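Note that the structure is predicted; figures quoted are calculated from it, not measured. FYI, side chains are in, hydrogens and waters are out, and symmetry mates aren't considered; it's all heavy atoms of this structure.
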Amino acid sequence: MFSCDIKATGKDLSERTLIKLREYANMLCDAATEHYDIIMKYSASKVASACVYLARKCCKLSNEWDINLEEYTNIRFS
């Protein structure tokens with residue numbers, strides 16, 4: 001999470017949001033590994049980035065994928 005992150009509802013982020021974000025990302029990564037034959041078509045970084053994107057979307061952050069994440073991963077979600 002970044003200091004510029006806010007909830008889509010306009011509320012400030014809480015510690016609970018951070019915990020939920022981590023739980024969602026872990027759950028999505030675990031679910032992805034169950035479909036090994038499908039995810040092998042993509043690089044590990046793309047699978048991990050998709051998990052982070054979906055976790056941020058589940059936590060209703062205003063920007064699911066922002067410039068900071070693009071710089072860290074070199075991946076763009078449009």
Side-chain angles (χ1 to χ4, degrees):
M1 291 180 41
F2 302 99
S3 60
C4 60
D5 284 337
I6 59 169
K7 298 273 286 185
T9 58
K11 295 181 181 176
D12 289 334
L13 297 178
S14 65
E15 185 70 23
R16 181 166 169 74
T17 304
L18 178 60
I19 292 168
K20 282 301 197 186
L21 182 65
R22 185 176 292 137
E23 287 176 358
Y24 280 129
N26 286 334
M27 179 192 64
L28 291 163
C29 285
D30 287 342
T33 58
E34 293 178 11
H35 302 284
Y36 184 77
D37 53 331
I38 296 171
I39 64 170
M40 282 305 298
K41 297 175 185 175
Y42 306 97
S43 67
S45 62
K46 285 191 179 182
V47 173
S49 296
C51 292
V52 169
Y53 174 85
L54 289 172
R56 291 174 61 86
K57 192 162 184 73
C58 289
C59 288
K60 298 179 179 153
L61 296 180
S62 60
N63 292 324
E64 292 90 11
W65 201 256
D66 65 1
I67 190 71
N68 294 314
L69 290 165
E70 285 181 13
E71 288 178 10
Y72 290 137
T73 63
N74 291 324
I75 296 174
R76 276 188 90 162
F77 283 100
S78 300

For residues Ser49 and Thr73, report the shortest heavy-atom separation together with the two atoms involved.
-> OG-CG2, 3.8 Å
Taking every non-hydrogen atom, the tightest pair across Ala32 and Ile39 =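 The answer is O-CD1, 3.4 Å.
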Reported [atom1]-to-[atom2] distance for the pair [X] and [Y], which is rounded to 0.5 angstrom:
X	Y	atom1	atom2	value
Asp30	Asn26	CG	CG	6.5 Å
Glu23	Leu21	CD	CG	10.0 Å
Lys41	Lys46	NZ	NZ	14.0 Å
Leu28	Thr33	CG	OG1	11.0 Å
Cys29	Met27	SG	CE	10.0 Å

Shared hydrophobic cluster for Val52 and Ile75 (ILVMFWY, side-chain gaps under 4.5 Å) |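 Yes, Val52 and Ile75 fall within the same hydrophobic cluster.
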